[in-house]
There are 2 protein chains.
Amino acid sequence: MEKRLERIKKHLHSQSYKLTPQREATVRVLLEHEEDHLSAEDVYLLVKEKSPEIGLATVYRTLELLADLKIVDKINFGDGVSRFDLRQEGAAHFHHHLVCIECGAVDEIQQDLLGDVEAIVERDFNFKIKDHRLTFHGICYRCHDKEKQDAENEKNTETV
Amino acid sequence: MEKRLERIKKHLHSQSYKLTPQREATVRVLLEHEEDHLSAEDVYLLVKEKSPEIGLATVYRTLELLADLKIVDKINFGDGVSRFDLRQEGAAHFHHHLVCIECGAVDEIQQDLLGDVEAIVERDFNFKIKDHRLTFHGICYRCHDKEKQDAENEKNTETV
DNA sequence: GTTGGTGCAAACCATTTGCACTGGC
DNA sequence: GCCAGTGCAAATGGTTTGCACCAAC
């Protein structure tokens, strides 16, 4: 954790930005909630728990800065808020998401699935790919299991 | 064109919605600008050219309705506005986009590239896919060509 | 003392909503 | 007459911005 913070600090310095206490607090929250796809507001509230004096605008400015530096990815699942996701270190590309349309859960797929697809796009469309966004919408394994479970329970109730 | 309008009308009727003049005007704009990835505001302005009395809220409500009925797809390229795209008739899935980070142009890929990827996701993550969003960000062939051209011109100027 | 960064409040802007009105069944 | 649909204006809510202030070099 500290190591990644240190690397982000260097990354900022390399572009003549400072890792101020506010920025550090924001980055720490992101590191501690790496799985969570937090919105700016979410980040703000979590930052505030430890550093109450910090302002919402600063969090927004920090997230924007981090996105510019490609330290985080700004993503959008179509629910009116931007979410921020730490990029895997060394990952050339954005990871993918599975959004559950039942419960809203968002799971991540780190593995690169698009190698072949990208080759096709670059060749057939003469398009130089720099990044991509891939999101699947559907039913996650939890809701899937739950549905089965509910069906079971239903059956048991009937037989009582 | 009329045929598609007719089918959309039937689609609305099948869910007990009417194709009012305002809705028809909105759908016509979408049909006439199928390639353009219009924002709600864009649609509104175009609708207004022919039907000045129409209100912005109505356009929003119509677009929302069309999205609910899966007649259009609501998409988001990360620039703060939702865009609306007519779904190809009979297309089970959303088509893909190539967004140019130089000139902002958005091209479409209709062909289905994700068959294999979807199979992997369904199997490995036990995730029932209902829809997907795939967007590539990079340099389009136009900007690519233009850069080459510019380099050429540069060279010619030098030798003059 | 200049400058990058911050906090606050106000501004912004895409989208949604309340409400009175209307036109077709 | 009822009710879906509409237009307008006001409200909403996430995000950005203006500005005074501060802390570090």
Side-chain angles (χ1 to χ4, degrees), chain A residues 8-29 37-69 71-85 104, chain B residues 8-9 11-29 37-69 71-85:
Chain A
I8 289 170
K9 183 174 179 177
K10 287 212 182 97
H11 194 153
L12 286 173
H13 285 168
S14 75
Q15 309 283 318
S16 335
Y17 294 111
K18 301 174 202 158
L19 185 63
T20 62
Q22 291 89 337
R23 287 177 184 169
E24 181 174 330
T26 304
V27 170
R28 277 185 189 281
V29 163
H37 308 92
L38 302 173
S39 69
E41 187 88 28
D42 295 336
V43 174
Y44 171 64
L45 292 173
L46 287 165
V47 166
K48 236 176 178 324
E49 285 178 9
K50 296 203 176 149
S51 320
E53 71 290 353
I54 209 166
L56 177 59
T58 300
V59 171
Y60 268 100
R61 283 186 281 232
T62 300
L63 291 171
E64 196 194 342
L65 175 63
L66 295 174
D68 284 349
L69 295 181
I71 294 167
V72 304
D73 281 307
K74 188 173 178 179
I75 51 181
N76 201 304
F77 296 133
D79 61 344
V81 287
S82 294
R83 298 177 180 278
F84 296 86
D85 230 5
Chain B
I8 288 169
K9 183 173 178 178
H11 194 152
L12 285 173
H13 285 168
S14 75
Q15 308 285 318
S16 338
Y17 293 110
K18 301 174 203 159
L19 184 64
T20 63
Q22 291 88 336
R23 286 176 184 168
E24 181 174 332
T26 304
V27 170
R28 278 184 189 280
V29 164
H37 307 91
L38 302 174
S39 69
E41 186 87 28
D42 295 337
V43 174
Y44 170 63
L45 292 174
L46 288 164
V47 167
K48 234 176 175 346
E49 285 178 10
K50 297 203 176 149
S51 319
E53 71 290 353
I54 208 166
L56 176 59
T58 300
V59 171
Y60 270 101
R61 283 186 281 232
T62 299
L63 291 172
E64 196 194 341
L65 175 63
L66 295 174
D68 284 350
L69 295 181
I71 294 168
V72 304
D73 282 307
K74 188 174 178 178
I75 50 181
N76 200 305
F77 295 133
D79 61 344
V81 287
S82 293
R83 297 176 181 280
F84 296 86
D85 231 4

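Model, not experiment: these values are computed from the prediction.
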Quiz item: Which letter, B, S or -, goes with each nucleotide of nucleotides 7-20 of chain D from 5' to 3', with contact meaning a protein heavy atom under 4.0 Å?
Solution: BB-----SBBBB--
Length of the line joining [X]:[atom1] and [N]:[atom2], which is rounded to integer Å:
| X | N | atom1 | atom2 | answer |
| --- | --- | --- | --- | --- |
| B:Q15 | D:dG5 | CD | C1' | 17 Å |
| A:R23 | C:dG5 | CZ | C1' | 6 Å |
| A:D68 | C:dG5 | CG | C1' | 16 Å |

Check: [Y] main-chain N/O paired with [X] side-chain donor or acceptor under 3.5 Å:
| X | Y | answer |
| --- | --- | --- |
| A:R83 | A:H37 | yes |
| A:T58 | A:I54 | no |
| A:D73 | A:I75 | no |
| A:S14 | A:H11 | yes |
| A:S39 | A:D42 | yes |

Quiz item: Any side-chain heavy-atom pair from A:P21 and A:R23 closer than 4.5 angstrom?
Solution: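 A side-chain contact is absent here, since even the closest heavy-atom pair is not under 4.5 Å.
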Quiz item: Would you say the side chain of A:D85 lies within less than 4.5 Å of the side chain of A:V72, judging by non-hydrogen atoms?
Solution: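 With C-beta onward as the side chain, the pair stays apart.
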Practice problem: Of all the heavy-atom pairs spanning A:L38 and A:V29, show the shortest one and how long it is. | Solution: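 Closest approach of A:L38 to A:V29, heavy atoms only: CD1-CG1, 4.0 Å.
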Filtered N/O pairs between nucleotides 22-25 of chain D and protein, under 3.5 Å:
none

